[in-house]
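One structure is given below, encoded as structure tokens.
Naming: A, B, ... by sequence-line order, numbering from 1 per chain.
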Amino acid sequence: MPELPEVETIRRTLAPHVLGQTIKKVRVNWPGAFVLPPKLTPARALREREIVALGRRGKYLLLELDDGATVVVHFRMTGALVYYPRARAGDAHTHVVVNLTNGQLHYTDQRKFGRLQYVPAGELATLACLTKLGPEPTGEDFCLEYFARKLDGKKTAIKAALLDQTIVCGLGNIYADEALFRAGILPFRPAGTLRLSEVFLLYDAVRLTLTQGIAAGGTTFRDYRDGDGHSGSFQNQLRVYGRGAQPCLTCGLPLHKVRVGGRASVYCPGCQH
DNA sequence: CACTAAACCTGGGAGC
DNA sequence: TGCTCCCAGGTTTAGT
């Protein structure tokens with residue numbers, strides 16, 4: 001699914017198309033994709049509302065409307081939100097179609113894990129999935145001291161800690177493995193065993209990897225597309241993710257693939273300690 | 001509290 | 001070619 005770099009890329013590519021546009025019509029083909037308070041319908045909630053801002057928190061995309069309401073989107077594994085300048089037919093995986101003054105937004109999701117949640121004005125601060133999130137990894141509240149304190153004494157694997165959205169938000173399986181490789185740290189090390197110098201290397205690697213992911217327009221391993229329907233290119237810069245048993249690009253040893261915290265994890269036995 | 005498994009879904013790829 | 005099994009970018013919840 002879209003991790004932070006992918007969601008940020010979707011936000012940036014959609015913004016010029018949809019900001020200032022008014023929602024004219026909403027069609028929900030699969031009701032499970034659109035969550036909203038009972039007694040409200042998608043059409044009644046969104047019709048004639050203007051999209052005034054596009055935000056992002058972790059892996060959540062936030063569509064802010066002119067009445068203070070917000071549509072919170074989480075793409076999970078295969079969700080996508082694409083803008084088309086001209087109306088077009090969807091396919092079997094097109095669950096929501098939003099007609100704007102000019103053009104259409106299509107929400108598609110092969111696996112149906114993702115959700116669009118309508119949150120009425122003033123209620124965003126009560127949304128648990130957002131309030132639980134840790135700091136933005138590329139922002140200022142994510143500082144080395146904070147990161148070191150969160151990992152200190154932790155017995156859980158460092159890989160699991162990176163995927164824990166309450167410690168720092170936005171990392172998923174791809175960028176967690178890539179950051180660990182770049183920092184030279186084994187994914188199954190108990191988080192509390194990292195020396196401060198290693199925490200610093202990882203802190204830097206997390207921020208650099210995500211920044212490079214955004215610069216590349218995200219990683220298209222299979223389904224991911226940005227707001228224009230285009231693929232990203234960070235898959236060309238992956239060093240370990242999806243490369244199990246292939247030679248390490250740095251030392252040539254075959255990469256190992258193991259399970260850490262229930263997730264497939266690829267690492268180099270020569271470069272990571 | 002910490003960790004695991006299951007649940008939510010569909011489809012691609014490997015192996016036979 | 002076709003069938004079965006395993007796997008996949010995520011998160012929540014139930015169970016041990």
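Using a 4.0 Å heavy-atom distance criterion, Gly172(A) is classed as a sugar-phosphate-only contact. Using a 4.0 Å heavy-atom criterion, one finds that Ala160(A) contacts no nucleic acid atom at all. In this structure, Thr166(A) reaches neither bases nor backbone, as no heavy-atom distance under 4.0 Å exists between it and the strands shown. Contacts of Tyr175(A) with the nucleic acid, taken as non-hydrogen atoms under 4.0 Å apart, are absent. Residue-level contact check: Asp109(A) touches neither bases nor backbone, having no heavy atom under 4.0 Å from any strand.
Judged by centroid separation below 5.5 Å and plane tilt below 30°, Phe113(A) stacks onto the base of dC8(B). Taking the 5.5 Å centre cut-off and the 30° plane limit, the aromatic side chain of Phe221(A) is not classed as stacked on dA8(C).
Along DNA chain B, the nucleotide nearest Ala92(A) and the nucleotide nearest Lys154(A) are compared for position; the residue whose nucleotide lies closer to the 5' end is Lys154(A). Heavy-atom distances to DNA chain C give each of Tyr241(A) and Tyr60(A) a nearest nucleotide, and the one nearer the 5′ end belongs to Tyr241(A).
Atom pair His95(A):NE2 and dC8(B):P shows a separation of 16 Å (rounding to whole Å applied). Rounded to whole Å, the distance from NZ on Lys257(A) to C1' on dA8(C) is 9 Å. Atom CZ of Phe75(A) is separated from atom P of dT10(B) by 20 Å (rounded to the nearest Å). Spacing between atom CG of Leu116(A) and atom P of dG10(C) amounts to 19 Å, rounded to whole angstrom units. If you take OH of Tyr107(A) and P of dC9(B), they are 13 Å apart, rounded to a whole angstrom. Rounded to whole Å, atom P of dT11(C) lies 12 Å from atom CG of Leu130(A). Across the protein-nucleic acid pair, Arg222(A) atom CZ and dC7(C) atom P stand 14 Å apart, rounded to whole Å. To the nearest angstrom, C1' of dT10(B) lies 6 Å from NE2 of His93(A).
When the nucleotides dA8(C), dT12(C), dT11(C) are ranked by their closest atom to the side chain of Lys132(A), dT12(C) comes out on top.
Note on Lys59(A): a side-chain N or O is less than 4.0 Å away from OP1 or OP2 of dG10(C). Distances shown here put every side-chain N or O of His74(A) at or beyond 4.0 Å from the OP1 or OP2 atom of dG10(C). Phosphate proximity of dC3(B) to Thr156(A): present, with a side-chain N or O under 4.0 Å from OP1 or OP2. The side chain of Arg259(A) contributes no N or O atom lying less than 4.0 Å from OP1 or OP2 of dA5(B). Taking only side-chain nitrogens and oxygens, Arg111(A) never comes nearer than 4.0 Å to OP1 or OP2 of dG11(B). For Lys112(A), no side-chain nitrogen or oxygen approaches OP1 or OP2 of dC8(B) to under 4.0 Å. Here Gln110(A) does not reach the OP1 or OP2 of dC9(B): none of its side-chain N or O atoms lies under 4.0 Å away.
Rounded to whole Å, the separation between the P atoms of dC9(B) and dC3(C) comes to 25 Å. With both ends at atom P, the span from dC6(C) to dA5(B) equals 15 Å, rounded to whole Å. Of the P atoms belonging to dT1(C) and dT10(B), the separation is 26 Å, rounded to the nearest Å.
Relative orientation of the His74(A) and Tyr60(A) rings is perpendicular, given thresholds of 30° and 60° on the angle between their planes. Under the 30°/60° scheme for interplanar angles, the aromatic rings of Phe234(A) and Tyr175(A) are found to lie parallel.
Atom CG of Leu194(A) is separated from atom CD1 of Ile185(A) by 4.5 Å, given to the nearest 0.5 angstrom.
Considering Arg263(A), Arg182(A), Lys159(A) in turn, Lys159(A) is the only one that fulfils the salt bridge (charged side-chain N to carboxylate O under 4.0 Å, His left out) rule with Asp177(A). Each of Leu46(A), Val119(A), Leu62(A) was evaluated against Val71(A); a single residue qualifies, Leu46(A), per the side chain to side chain contact (heavy atoms under 4.5 Å, CB included) test.
Side chains of Phe113(A) and Thr78(A) form no contact here, defined as non-hydrogen atoms less than 4.5 Å apart. Contact annotation: the side chain of Val98(A) never approaches that of Tyr107(A) to less than 4.5 Å [non-hydrogen atoms, C-beta and beyond].
Searching all strands for a Watson-Crick or G-U wobble partner of dT11(C) with both distances below 3.5 Å returns dA7(B).
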